Amino acid sequence: MAYLHAILILTCLLTHLAVTQPNNAAPAIHLPLTRRGNRFSRRETANLTYLADILQAVEAKYASSYREVDGNRLVRRWRLKDNDDENDPHLIDVAGHPNRWYTHLKVGEPPQDLEVELDMLSPDFYTVVTTSERGSAYNASGSRSHGPSDDSVHAICHNPSDEFHFTSNDITSPIRLNFPICRPSKASRQTLTNSGTFLGFSPPSEFLSKLSSPSLLDQLVNQGILKHKIWSVALLDTETGILSLGGTIAREVEETKIRVETELKHFGESIATAEWVTAQVEEQMKSAMPMASAWDEHFKWTDVQGAAGWWTALMLGVWINGSKVLKNQPILLDVNVPLILAPPVAVQRFYASIGGTKRLAAPYDAFHAFPCLNRVNIAFEIAGWNFPAMAGDGTASDALYGPAGGRFSLGKLGDGSGYCVGSVVESRMAGPEWRASGLRDFWVLGEPFFRGLGVVFDTEKGRVGVRNY
Ligand SMILES: *[C@@H]1O[C@H](CO)[C@@H](O)[C@H](O)[C@H]1NC(C)=O
Ligand SMILES: *[C@@H]1O[C@H](CO)[C@@H](O)[C@H](O)[C@H]1NC(C)=O
Ligand SMILES: *[C@@H]1O[C@H](CO)[C@@H](O)[C@H](O)[C@H]1NC(C)=O
């Protein structure tokens with residue numbers, strides 16, 4: 001039942017988003033999100049070598065930054081690598097990798113469809129064009145609306161513009177945006193890497209910004225297209241989601257839920273005509289989400305804390321089957337991480353509270369296993385509210401193709417023991433880089449956290465809002 005429900009909601013939601021938008025709400029742009037490389041955890045037995053590789057890559061990514069006091073505040077900066085050259089490794093050779101979430105934007109005349117990757121660790125919006133045929137490349141000379149410019153925004157990037165075509169009721173004509181193009185120097189090895197486009201969504205930070213050009217949200221708000229510098233993400237299942245700029249889909253989700261519930265409850269009754277259902281939905285929405293209520297009343301908010309630059313905040317508690325087993329854990333939100341990372345002490349406490357769990361033997365000892373049949377209820381307490389995480393099978397495709405052990409599982413252990421590998425993984429963060437990054441005590445709430453929730457990031461007010469979907 002739960003998954004049937006979810007599919008209906010998903011289908012309705014997608015049709016709904018395409019056709020309507022509440023007319024007195026702030027304008028918003030809704031874009032489809034896709035996960036590169038398909039779903040992360042599958043029915044097959046977990047490949048521990050692969051999981052360990054992923055964990056290592058994630059840790060390396062965060063270790064490339066450090067905290068520093070600047071004036072009277074703590075900020076985050078990128079670490080220079082030994083082999084740093086003008087082909088900035090933070091800029092090039094990062095596009096087109098699996099396990100990342102991307103959307104599509106239509107750019108130029110005739111419109112080119114570009115894959116655009118979300119990046120929560122930087123505010124920059126730019127495209128990388130290499131001479132390889134790999135990746136999703138923007139062809140400036142193929143666009144009649146390309147506005148050339150020689151302005152340099154980085155040693156290897158200039159700052160032309162082009163017209164972007166958004167499909168939205170609020171936006172009827174193309175919007176011209178600055179669209180920096182970065183090209184690795186011709187002779188370098190990096191020119192063989194993927195082309196691709198990045199859409200940076202970190203809190204504004206002059207220190208993490210690699211290019212001296214405005215972010216996408218800044219451009220859209222400055223041009224009066226959007227009212228609020230906010231963006232939000234809602235993962236609908238293991239491979240798709242919706243990215244919203246300037247707003248959220250909270251109202252659409254709520255309406256869809258009420259509609260599906262009403263239709264199911266009155267299924268087959270002659271009274272339940274389309275008009276009747278719509279009237280019921282409108283009536284119930286008046287109390288669920290009054291039109292006069294401010295958009296942000298529908299989310300639980302927590303302020304961004306810690307070194308300025310990334311989406312870090314405080315999680316008030318971790319709950320297992322109704323008991324609070326950990327409190328006041330600092331968190332970093334990053335949808336591009338397919339796991340949940342936590343400090344060793346916290347992870348041990350977490351699995352000890354579930355019971356029947358075991359730590360895997362080295363070299364996989366960052367992972368724990370739990371009995372697949374033990375469906376534990378996990379909730380993260382944020383802004384005074386308990387948000388259920390990784391519960392149940394989720395969608396129908398999860399039930400059919402997902403891992404044994406439900407959404408908390410990364411897959412079965414291959415030894416036929418009936419144990420599944422848990423999504424909460426110990427971060428090692430050993431070595432001096434980690435100390436400098438200041439993330440050793442952090443939980444990294446990745447993709448498994450986002451599922452089933454609406455999460456909105458407010459770059460103006462420095463806060464994160466969460467809502468159950
Ligand atoms: C497991 O993952 C490793 C590393 O990604 C890969 O080389 C190997 O082929 C995978 N094994 C299986 C059985 O898929
Ligand atoms: C870019 O577009 C131009 C004009 O349509 C075309 O001649 C050229 O081959 C394209 N370049 C690439 C790399 O696709
Ligand atoms: C948690 O609750 C589930 C079902 O409600 C049960 O199957 C499981 O054994 C419980 N786990 C613990 C550690 O109490």
Side-chain angles (χ1 to χ4, degrees), residues 35-61 92-100 104-116 126-149 156-158 160-165 174 179-188 190-197 238 336-339 341 360-369 401-405 409-417 419-423 425 428 446-447:
R35 191 180 195 286
R36 187 174 290 116
N38 305 114
R39 57 178 303 146
F40 186 65
S41 52
R42 303 188 172 79
R43 201 98 199 136
E44 297 92 80
T45 304
N47 179 344
L48 292 173
T49 318
Y50 178 63
L51 291 177
D53 288 351
I54 295 273
L55 177 58
Q56 201 176 23
V58 168
E59 296 206 336
K61 177 167 86 164
I92 307 290
D93 197 15
V94 279
H97 290 301
N99 298 321
R100 291 186 66 110
H104 289 267
L105 290 179
K106 287 204 170 18
V107 191
E109 196 53 56
Q112 302 175 20
D113 184 70
L114 297 185
E115 279 183 13
V116 178
Y126 63 97
T127 192
V128 174
V129 179
T130 65
T131 53
S132 80
E133 309 246 295
R134 305 194 352 229
S136 170
Y138 168 61
N139 182 352
S141 58
S143 168
R144 286 193 298 276
S145 53
H146 178 77
S149 157
I156 56 167
C157 315
H158 58 288
S161 66
D162 206 338
E163 291 188 338
F164 284 70
H165 306 260
F179 191 43
I181 301 182
C182 304
R183 295 177 205 273
S185 54
K186 285 264 158 28
S188 72
Q190 280 87 341
T191 197
L192 300 174
T193 63
N194 294 323
S195 296
T197 305
T238 46
N336 282 316
V337 173
L339 309 163
L341 269 62
L360 301 189
Y364 306 118
D365 51 344
F367 297 87
H368 283 68
Y401 309 113
S409 165
L410 296 173
K412 258 198 290 214
L413 264 193
D415 57 5
S417 59
Y419 273 89
C420 285
V421 182
S423 295
V425 172
R428 288 301 150 81
E447 182 185 318

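Computed from a predicted structure; not experimentally measured. Whatever order the structure lists ligands and atoms in, that order sets their numbers, starting from 1.
Put simply, the side chain of Asn99 reaches to within 4.5 Å of the side chain of Arg35, judged on heavy atoms.
Across Ala46 and Leu410, no two heavy atoms sit closer than the pair CB-O, 3.8 Å. The two residues Asn336 and Lys61 make their nearest non-hydrogen contact at CB-NZ, 4.2 Å. The two atoms that bring Arg36 and His97 nearest to each other are NH1-O, 3.2 Å, heavy atoms only.
The closest protein non-hydrogen atom to atom 4 (C) of ligand 1 is Asp53 OD2, 3.6 Å. The nearest protein atom to atom 13 (C) of ligand 1, hydrogens excluded, is given as Asn47 ND2, 4.5 Å; this is a heavy-atom distance. Among protein heavy atoms, the minimum distance from atom 5 (O) of ligand 1 is reached at Tyr50 CD1, 3.5 Å.
Residue Asn139 places at least one N or O, backbone or side chain, under 3.5 Å from an N or O of ligand 2.
Classified by interplanar angle (parallel below 30°, tilted 30° to 60°, perpendicular above 60°), the ring pair Tyr138/Phe179 is perpendicular.
Contact annotation for atom 7 (O) of ligand 1: protein absent (non-hydrogen atoms, distance under 4.0 Å). Counting only heavy atoms, the protein gets under 4.0 Å from atom 2 (O) of ligand 2. Note that atom 11 (N) of ligand 2 has protein non-hydrogen atoms nearby, at separations under 4.0 angstrom.
Between Ser195 and Thr130, the side chains place a donor N or O and an acceptor N or O closer than 3.5 Å (distance only, hydrogens not considered).
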